[in-house]
Colleague: 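Mind having a look at this structure? Questions to follow.
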Amino acid sequence: MFQINDNYQKLPGSYLFSTIAKKVAAFSEANPDKSIIRLGIGDVTQPIAPAIIEAMHKAVDEMADAKTFRGYAPDLGYEFLRKAISENDYKARGCDIEADEIFVSDGAKSDSGNIQEIFSTDNRIAVCDPVYPVYVDSNVMAGRTGTYDTATGMWSNVIYMPCTRENNFVPEFPKETPDMIYLCLPNNPTGTTIKKAQLQEWVDYANKVGAVIIYDGAYEAYISEDDVAHSIYECEGAKTCAIELKSFSKNAGFTGVRLGYTVVPKELKCGGVSLHGMWARRHGTKFNGAPYIIQRAGEAVYSDAGKAQLKEQIAYYMKNASTIKAGLQEAGFEVYGGVNAPYIWLKTPGQMTSWEFFDYLLEKANVVGTPGSGFGPSGEGYFRLTAFGSYENTVAALERIKAL
Ligand SMILES: *Cc1c(COP(=O)(O)O)cnc(C)c1O
């Protein structure tokens, strides 16, 4: 008789965003006259920029003609896109990443969930707490995390690196030595980040202890401060210890279009084995490429017109971020993030738990956010608001919060 992968049974029940959706639906049904403003889920709302739409239309037309039609894409992605990425995201910043070290994919969620496959199930992972849930859950499915303690919300074989106001949301080197370290900077959910010099310390640490860093740079485009690294490869020695994941979702609104990439440097080795070769094998076996039309759209992200339009789009969201931040501060909240990321992380007032604050905000202000505890035990007592709404809704939400 067949057996299932029992590790799936270990995953704790309800998914954060479905619980939120249920609560909001119940409130809305009971209060049909109230208009609810959603500053919860991390999805963009602005349309795809014109230069990108134009490139997509052109690629669609190419598909209609036998002479320009494209079938399966090359394993690693089209050269035109990998070259644009290498030049704009890396060489322009002094990072020596070649086009053939870039693997084009359908987004950073799949890559961040799949990358653990090329590592031993005996490896111990370290994650920031709070954290983007995919890193932990994908390792649960692979059987790397031990058992779940419902009382603490922690896995017995995961090394947690608390990021709280006490350490300014900067992860500290753990007491136990990890094999795989997940870092997402600028961070979702806290909206905070670390300085390039602090990231360099992580690279040095990983090289010293023989750990690999899985670096999620999904929010890189939101960095506004000078001393923050846009890529981990800006740090000396990162090519021997780090894999970088990038996404077109948050910088270019591709959440529904789907495009991302992963960098596995050729110098990254374990014993004599090249991780680049392993990921190439995995990609070739299990993935058949992002669509040609979407890769052309990705190329347009790096055109002059695309860059200018996306700069405006990011500025639009970051204006929301500063509106939220300033409004909350005015209302007396303790607020973090929102400077290098489209997320605002606030301390819940008094002794309120994250979910108590969720209910309070929904009932009294009709504003939806995300309870920090949903991202890990150290997120308890915090709350996330996102800058991805419309400016009008953001202003209206803050007026309501200030009036509480
Ligand atoms: C949104 C997000 C991603 C991007 O996922 P896609 O699959 O590319 O849409 C990756 N990592 C983090 C932390 C995110 O918040």
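Counting starts at 1 for both ligands and their atoms, in listed order. For the numbers below, each heavy atom of this structure counts, side chains included, while hydrogens, waters and symmetry mates do not.
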Colleague: Under 3.5 Å between any N/O of S110 and any N/O of ligand 1: does that happen in this structure?
Modeller: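 Between S110 and ligand 1 (N or O atoms, distance only) the closest approach is not under 3.5 Å.
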Colleague: Going by the closest heavy atom to atom 8 (O) of ligand 1, which one wins out of S247, G42, P342?
Modeller: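 Closest candidate by heavy-atom distance is S247.
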Colleague: Can you check which of K109, K246, K250 brings a heavy atom nearest to atom 3 (C) of ligand 1?
Modeller: K250
Colleague: Report the part of A108 in contact with ligand 1, treating N, CA, C, O as backbone and CB onward as side chain, heavy atoms under 4.0 Å; options are side chain, backbone, both, neither.
Modeller: both
Colleague: For the pair F80 and Y78, name the ring-plane relationship: parallel under 30°, tilted 30 to 60°, perpendicular over 60°.
Modeller: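 Plane angle under 30°, so parallel.
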Colleague: Counting from 1, what ligand 1 atoms have a heavy atom of G107 closer than 4.0 Å?
Modeller: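 Near G107, the atoms of ligand 1 are 7 (O), 8 (O).
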Colleague: Heavy atom to atom 12 (C) of ligand 1, shortest distance: which of D216, L259, L245 holds it?
Modeller: D216
Colleague: Is there a polar contact, in the sense of an N or O pair closer than 3.5 Å, between T255 and ligand 1?
Modeller: no
Colleague: Check for me whether the distance between the ring centres of Y343 and Y219 falls short of 6.0 Å.
Modeller: yes
Colleague: So if I count the atoms of ligand 1 from 1 in the order they appear, which ones are less than 4.0 Å from some heavy atom of S249?
Modeller: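 So the answer, numbered in order with elements, is 6 (P), 8 (O), 9 (O).
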Colleague: Just so I know, are the side chains of L81 and Y261 near enough to count as touching, which here means a heavy-atom distance under 4.5 Å?
Modeller: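 No, their side chains stay 4.5 Å or more apart.
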Colleague: What atoms of ligand 1 come closer than 4.0 angstrom to any heavy atom of C184?
Modeller: 13 (C)
Colleague: Rounded to the nearest 0.5 Å, how far does CG of N288 lie from OH of Y72?
Modeller: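 Those atoms lie 5.0 Å apart.
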Colleague: Among all protein heavy atoms in this structure, tell me which lies nearest to atom 15 (O) of ligand 1, with the distance rounded to 0.1 Å.
Modeller: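 The answer is Y219 OH, 2.5 Å.
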Colleague: Before signing off on this row, confirm whether D106 and ligand 1 have an N or O atom pair separated by under 3.5 Å.
Modeller: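 By distance alone, the answer is no.
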Colleague: To the nearest 0.5 Å, what is the distance between OG on S86 and CG on D96?
Modeller: 8.0 Å
Colleague: Can you tell me if R144 uses its side chain to pair, donor with acceptor, with the backbone of F119 under 3.5 Å?
Modeller: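 Present.
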Colleague: May I ask you to check whether over 12 heavy atoms, not counting those of K109, lie within 6.0 Å of atom NZ?
Modeller: no
Colleague: Taking side chain as C-beta onward, heavy atoms only, is K325 less than 4.5 Å from V339?
Modeller: yes
Colleague: Using a 4.0 Å heavy-atom cut-off, which part of F254 comes near ligand 1: side chain, backbone, both, or neither?
Modeller: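 None of F254 does.
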Colleague: Where is the nearest protein heavy atom to atom 7 (O) of ligand 1: which residue, which atom, and how far?
Modeller: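 Ranking protein heavy atoms by distance from atom 7 (O) of ligand 1, first comes R258 NH2, 2.6 Å.
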Colleague: For K402, does the NZ atom sit with more than 12 other heavy atoms under 6.0 Å from it, leaving out its own atoms?
Modeller: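 Enclosed: over 12 neighbouring heavy atoms sit under 6.0 Å from NZ of K402.
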